Amino acid sequence: MSKRSRPRPHRRPPPAGPTLTPIASAPPTAPDPQRLLLDQIAAGALDAHLVAIAEAVRGRYELLQTISSHKALAGLNVGDRVRINHHATPRYLHGIQGVIVELDEQTATVCVHRPVGRFKSGEIRCPPLALDRLSPAG
């Protein structure tokens, strides 16, 4: 290549035309309260209250989990066919199917008809949110 620089393309001036006036925009909407709270927490404006905020969030989350668990338990009956879902631990239980043989106030006992891992009896006590009800065979 030669050492001479390449000619630069000529820039054209913008075409002269009517001047556009800005259209009056809508008045700004009120900020979203959730976004405002999150922004204040991120900016450190609520640092003195973080423990109380965390406890309130944790309490609310636990309440919602309890309600969901009770609703799920209310939808189960002895004799229902179920599958253990991805919420269960240990993970080797995921996808195993069985039949509910007992219900108490917090758990369902599922019979899987064979020993599985540390569950030598073939019966596994599960929280209701770890179970997916299967449609009846028929």
Side-chain angles (χ1 to χ4, degrees):
M1 281 194 70
S2 77
K3 293 186 179 187
R4 293 190 312 180
S5 63
R6 294 183 182 169
R8 294 187 180 163
H10 297 292
R11 291 193 177 189
R12 294 182 186 174
T19 306
L20 300 175
T21 57
I23 299 174
S25 62
T29 60
D32 183 24
Q34 294 88 2
R35 175 56 48 201
L36 182 62
L37 176 63
L38 294 174
D39 289 344
Q40 287 178 338
I41 290 171
L46 299 174
D47 284 353
H49 307 286
L50 284 182
V51 173
I53 292 169
E55 288 173 357
V57 169
R58 187 178 308 112
R60 180 67 180 163
Y61 180 78
E62 288 174 2
L63 175 65
L64 293 175
Q65 285 295 104
T66 301
I67 291 170
S68 295
S69 180
H70 283 286
K71 284 182 180 178
L73 192 60
L76 297 174
N77 297 303
V78 172
D80 285 350
R81 293 182 56 234
V82 292
R83 177 184 307 120
I84 299 174
N85 64 31
H86 68 281
H87 293 292
T89 55
R91 288 178 38 180
Y92 61 77
L93 295 175
H94 297 184
I96 292 178
Q97 296 182 16
V99 177
I100 295 178
V101 293
E102 184 181 343
L103 293 169
D104 63 27
E105 293 180 10
Q106 295 182 343
T107 61
T109 303
V110 178
C111 178
V112 295
H113 304 293
R114 62 184 163 83
V116 178
R118 66 183 168 125
F119 303 96
K120 303 295 183 198
S121 70
E123 291 188 355
I124 305 167
R125 287 183 57 210
C126 299
L129 294 176
L131 299 173
D132 294 329
R133 191 169 166 201
L134 301 174
S135 59

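The figures that follow rest on heavy atoms only: side chains count, while hydrogens, waters and symmetry mates do not. Please read these numbers as outputs of a predicted model, since none were measured by experiment.
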Do you know which two heavy atoms are closest between P90 and R118, and how far apart they sit?
CD-NH2, 3.9 Å

Do L93 and F119 have side chains that approach each other closer than 4.5 Å (heavy atoms only, starting at C-beta)?
yes

From CD (E105) to NE2 (H70), nearest 0.5 Å:
8.5 Å

Under the criterion side-chain contact (heavy atoms from CB on, under 4.5 Å), which of I124, L73, V82 is the partner of L131?
V82

Cluster question for you: counting only ILVMFWY and a side-chain heavy-atom cut-off of under 4.5 Å, with indirect links fine, are V57 and I41 together?
yes

As an exercise, state the distance from OG1 of T66 to CD of Q106, rounded to the nearest 0.5 Å.
8.5 Å

Interatomic distance, CG@D132 vs CG@N85, rounded to 0.5 Å, equals 4.0 Å

Does one hydrophobic cluster hold both L76 and V99, with members joined at side-chain heavy-atom distances below 4.5 Å?
no

Can you tell if the side chain of R58 reaches within under 4.5 Å of the side chain of E55, non-hydrogen atoms only?
yes

Is there a donor-acceptor contact under 3.5 Å from the side chain of H113 to the main chain of G98?
no

Rounded to the nearest 0.5 Å, how far apart are OG1 of T109 and CG of L103?
7.5 Å

So, for V112 and Q97, which heavy atoms are closest and what is the spacing to 0.1 Å?
CG1-O, 3.7 Å

N/O donor-acceptor pair under 3.5 Å between D104 side chain and T107 backbone
yes

Main chain of L64, side chain of S68: is a donor-acceptor contact present, judged purely on distance under 3.5 Å?
yes

Using the rule that Ile, Leu, Val, Met, Phe, Trp and Tyr join whenever any side-chain heavy atoms are under 4.5 Å apart, tell me whether I84 and V78 fall into a single cluster.
yes

